[in-house]
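Because the structure is predicted, anything quoted here is derived from the model rather than measured.
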Amino acid sequence: MVLTERRGAIAILTLNNPEQYNALGGSLLQELNAALDTVLQEPAARAIVLTGAGKGFCSGAQFGGDTFNAGDSIASRMRGTINPVIEKMRNLPIPIVIAMNGAAAGAGVGIALAGDIVIAARSARFILSFARLGAALDGGTSLFLQRSIGVARARALALLGEPLAAETAEQWGLIWKVVDDGDLLNEALAIAQKLADGPPISLGLIKAQIESAWSSSLTDTLDGEAAAQGRAFVTDDLREGAAAFVQKRPARFTGR
């Protein structure tokens, strides 16, 4: 299941299947999808923190039952479960901070990297376990890894399946920051609060720009930037931000 908690404008979502290191089985993906929808429908929610219960962040697919020999049904199941969640996380206008409290394996790596800012506990690690199991990459990992750390490192991690320590992930640019385990949630909440205090329309536009620019030409990117800026410049938030800058005071953004 997915636990939900609100702290002011921050929604905290916790993957809660600690006995199986928050494996993506049963209804967990459906609940995560629904929880994201619920946050999106709450006007007061301006940032999300996603973390895991227990010692792991997310161990990926839960094997058992009819998992093996399922053939095309696995492809269909993925298209109806994890794929929509990954896409929703990337397309959500609300910024998502990942508080990676432990290991992420398999599709759990995709869930982690689908966030906007990833903070990892020092003991956390990334494990692309697909090749060890005889499986192919999923959860968006084939794209996210190459974007962040380049083809050579992505290929080696995927083919060898060797664990990647959080500190190395930070050095390589896969994640934003590594913190001591005991400081993880407070650090994630502090970042989420900074995002929640920011201009919601602007942050949503920036998220969309960064996502689309990966597959756009320079001409299309420049045109998209002009369109986005045109939307931003008619908001009350931009006028407030400009006034606050001139008056040397903190801005008070309203999302309008």
Q: Please examine the side chains of Ile175 and Ile119, heavy atoms only from C-beta on, and report whether any two atoms are closer than 4.5 Å.
A: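 A side-chain contact under 4.5 Å is absent here.
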Q: Among the clusters formed by ILVMFWY side chains lying less than 4.5 Å apart, do Ile201 and Ile206 turn up in the same one?
A: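 They do not share one cluster, since no chain of ILVMFWY contacts under 4.5 Å joins Ile201 to Ile206.
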Q: Test your reading of the model: is there a side-chain donor-acceptor pair from Ser27 to the backbone of Gln30, 3.5 Å cut-off?
A: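 Looks like no, no N/O pair under 3.5 Å.
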Q: Could you check Glu170 against Lys177 for salt bridge (Lys or Arg N to Asp or Glu O under 4.0 Å), going step by step and ending with a plain yes or no?
A: CA-CA 6 Å; Glu170 179 191 40; Lys177 185 182 293 186; over 6 Å; no
Q: Examine distances only and state if a side-chain atom of Thr235 and a backbone atom of Leu238 form a donor-acceptor pair shorter than 3.5 Å.
A: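 Flag set: sc Thr235 to bb Leu238 pair under 3.5 Å.
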Q: Check Ile111 against Ile98 and note the closest heavy-atom contact, atom names and distance.
A: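 So the minimum-distance heavy-atom pair works out to O-CD1, 4.1 Å.
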Q: Grab the two heavy atoms, one from Pro95 and one from Leu203, that are nearest each other, plus how far apart they are.
A: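 Of all heavy-atom pairs spanning Pro95 and Leu203, the closest is CG-CD1, 4.2 Å.
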Q: Tabulate below the donor-acceptor pairs under 3.5 Å that side-chain atoms of residues 137-156 make, not counting sequence neighbours, or state none.
A:
from, atom 1, to, atom 2, distance (Å)
Thr141, OG1, Asp138, O, 2.8
Gln146, NE2, Ser142, O, 2.9
Ser148, OG, Phe144, O, 3.1

Q: Just how far is it from atom CD1 of Ile94 to atom CE of Met89, taken to the nearest 0.5 Å?
A: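 Taking CD1 in Ile94 and CE in Met89, the distance rounds to 12.5 Å.
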Q: Decide, yes or no, whether a salt bridge links Glu240 with Arg256 under the criterion of side-chain N to carboxylate O below 4.0 Å.
A: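 Salt bridge absent between Glu240 and Arg256.
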Q: Quick one: closest heavy-atom pair of Leu28 and Met1, and the distance?
A: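 Here Leu28 and Met1 meet closest at CD1-O, 4.2 Å.
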Q: So do the side chains of Leu40 and Leu36 get within less than 4.5 Å of each other, counting heavy atoms only?
A: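 Side chain of Leu40 against side chain of Leu36, heavy atoms only: no contact under 4.5 Å found.
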Q: Keeping Arg132 on the side-chain end and Gly161 on the backbone end, is there a donor-acceptor pair under 3.5 Å?
A: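 Flag set: sc Arg132 to bb Gly161 pair under 3.5 Å.
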Q: For the atom pair OG (Ser73) and CE (Met78), what is the distance rounded to the nearest 0.5 Å?
A: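 Nearest 0.5 Å value for the OG-CE distance: 11.5 Å.
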Q: Taking all atoms of both residues into account, what is the closest heavy-atom pair of Lys88 and Asn33, and its distance?
A: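 That would be NZ-OD1, 2.6 Å.
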Q: Report the C-alpha distance between Gln193 and Arg7 in whole Å, list the side-chain angles of each, state the deciding distance to 0.1 Å, and finish with yes or no for side chain to side chain contact (heavy atoms under 4.5 Å, CB included).
A: CA-CA 9 Å; Gln193 187 61 59; Arg7 296 195 187 181; over 6 Å; no
Q: Is it the case that one hydrophobic cluster holds both Phe57 and Ile127, taking links as side-chain heavy atoms less than 4.5 Å apart, direct or via other members?
A: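 Shared cluster, no.
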Q: Can a side-chain donor-acceptor contact be found between Gln20 and Asn17 if the only test is distance below 3.5 angstrom?
A: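 Side-chain D/A pair, Asn17 to Gln20: present.
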Q: Nearest 0.5 Å, what's the CG-CD distance between Leu92 and Glu87?
A: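 Going from the CG atom of Leu92 to the CD atom of Glu87 covers 13.0 Å.
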Q: Output yes when a side-chain donor or acceptor of Asn101 lies under 3.5 Å from a complementary backbone atom of Leu184, and no otherwise.
A: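 No; zero donor-acceptor contacts below 3.5 Å.
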Q: So, Asp197 and Arg252, do they make that salt bridge, N to O below 4.0 Å?
A: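 Salt bridge flag = no for Arg252 with Asp197.
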Q: So Val97 and Leu195, do their side chains get closer than 4.5 Å, heavy atoms only?
A: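 Contact flag for Leu195/Val97 side chains = yes.
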Q: Please find the pair of heavy atoms, one from Asn22 and one from Cys58, that lie closest to each other, and give the distance.
A: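 Distance-wise, the nearest heavy atoms are O-SG, 3.3 Å.
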Q: Crowded around Phe253 CZ? As in, over 12 foreign heavy atoms under 6.0 Å?
A: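 Atom CZ in Phe253 is crowded, with more than 12 foreign heavy atoms closer than 6.0 Å.
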Q: How far apart are the closest heavy atoms of Leu24 and Gly108, and which atoms are they?
A: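 Shortest heavy-atom contact: CD1-N, 4.5 Å.
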Q: Evaluate the side chain to side chain contact (heavy atoms under 4.5 Å, CB included) criterion for residues Trp214 and Thr221: first the C-alpha distance (whole Å), next the side-chain angles of each, then the deciding distance (0.1 Å), finally the verdict.
A: CA-CA 9 Å; Trp214 281 101; Thr221 297; over 6 Å; no
Q: Decide yes or no for Trp176 and Val118: does some side-chain heavy atom of the first lie under 4.5 Å from some side-chain heavy atom of the second?
A: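 SC-SC contact between Trp176 and Val118 ruled out.
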Q: Between the main-chain N or O of Asn91 and the side-chain N or O of Lys207, is there a donor-acceptor pair closer than 3.5 Å?
A: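 Checking the backbone N and O of Asn91 against the side chain of Lys207, no donor-acceptor pair under 3.5 Å is found.
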Q: Is there a side-chain contact between Leu189 and Ile12, using heavy atoms and a 4.5 Å cut-off?
A: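 Contact flag for Leu189/Ile12 side chains = yes.
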Q: Any heavy-atom pair between the side chains of Gln229 and Arg231 that's under 4.5 Å?
A: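 Sidechains of Gln229 and Arg231: no contact.
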Q: Side chain of Asn16, backbone of Ala53: donor and acceptor closer than 3.5 Å?
A: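 Checking the backbone N and O of Ala53 against the side chain of Asn16, no donor-acceptor pair under 3.5 Å is found.
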Q: Between CG of Asp116 and CD1 of Ile191, what distance do you get to the nearest 0.5 Å?
A: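 Here the interatomic distance stands at 11.5 Å.
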Q: Do any N or O atoms from the side chain of Asp236 and from the backbone of Thr254 form a donor-acceptor pair under 3.5 angstrom?
A: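 Here the side-chain-to-backbone pair does not exist.
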Q: Test Val39 against Thr4 for side chain to side chain contact (heavy atoms under 4.5 Å, CB included), laying out the working first.
A: CA-CA 10 Å; Val39 173; Thr4 62; over 6 Å; no
Q: Start with the C-alpha distance between Ile10 and Ile48, add both sets of side-chain angles, then the distance that settles side chain to side chain contact (heavy atoms under 4.5 Å, CB included), and finish with yes or no.
A: CA-CA 6 Å; Ile10 302 171; Ile48 296 171; over 6 Å; no
Q: Consider only side-chain heavy atoms of I, L, V, M, F, W and Y, link residues closer than 4.5 Å, and tell whether Leu185 and Leu15 are in one cluster.
A: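 Hydrophobic grouping puts Leu185 apart from Leu15.
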Q: I'd like to know if the side chain of Glu31 and the backbone of Val2 have a donor-acceptor N/O pair within less than 3.5 Å.
A: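 Confirmed, Glu31 side chain pairs with Val2 backbone.
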Q: Going by the side chain to side chain contact (heavy atoms under 4.5 Å, CB included) test, name the single residue among Val49, Leu3, Leu32 that passes it with Leu13.
A: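 Among the candidates, only Leu32 passes.
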Q: State, yes or no, whether a side-chain contact exists between Arg125 and Leu164 at a heavy-atom distance under 4.5 Å.
A: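 Side-chain contact under 4.5 Å: no.
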Q: Supply the atom-to-atom distance Glu225 CD to Ser212 OG, rounded to the nearest 0.5 angstrom.
A: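 Spacing of CD (Glu225) from OG (Ser212) equals 8.5 Å.
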Q: When you measure from the side chain of Thr51 to the backbone of Ala99, do you find a donor-acceptor pair of N or O atoms at a distance under 3.5 Å?
A: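 Indeed, once roles are kept as given, a pair shorter than 3.5 Å links the two residues.
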Q: Taking the side chain as every heavy atom from C-beta outward, state whether Asp180 and Glu187 have any atom pair closer than 4.5 Å.
A: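 In short, these two side chains do not touch, never coming nearer than 4.5 Å.
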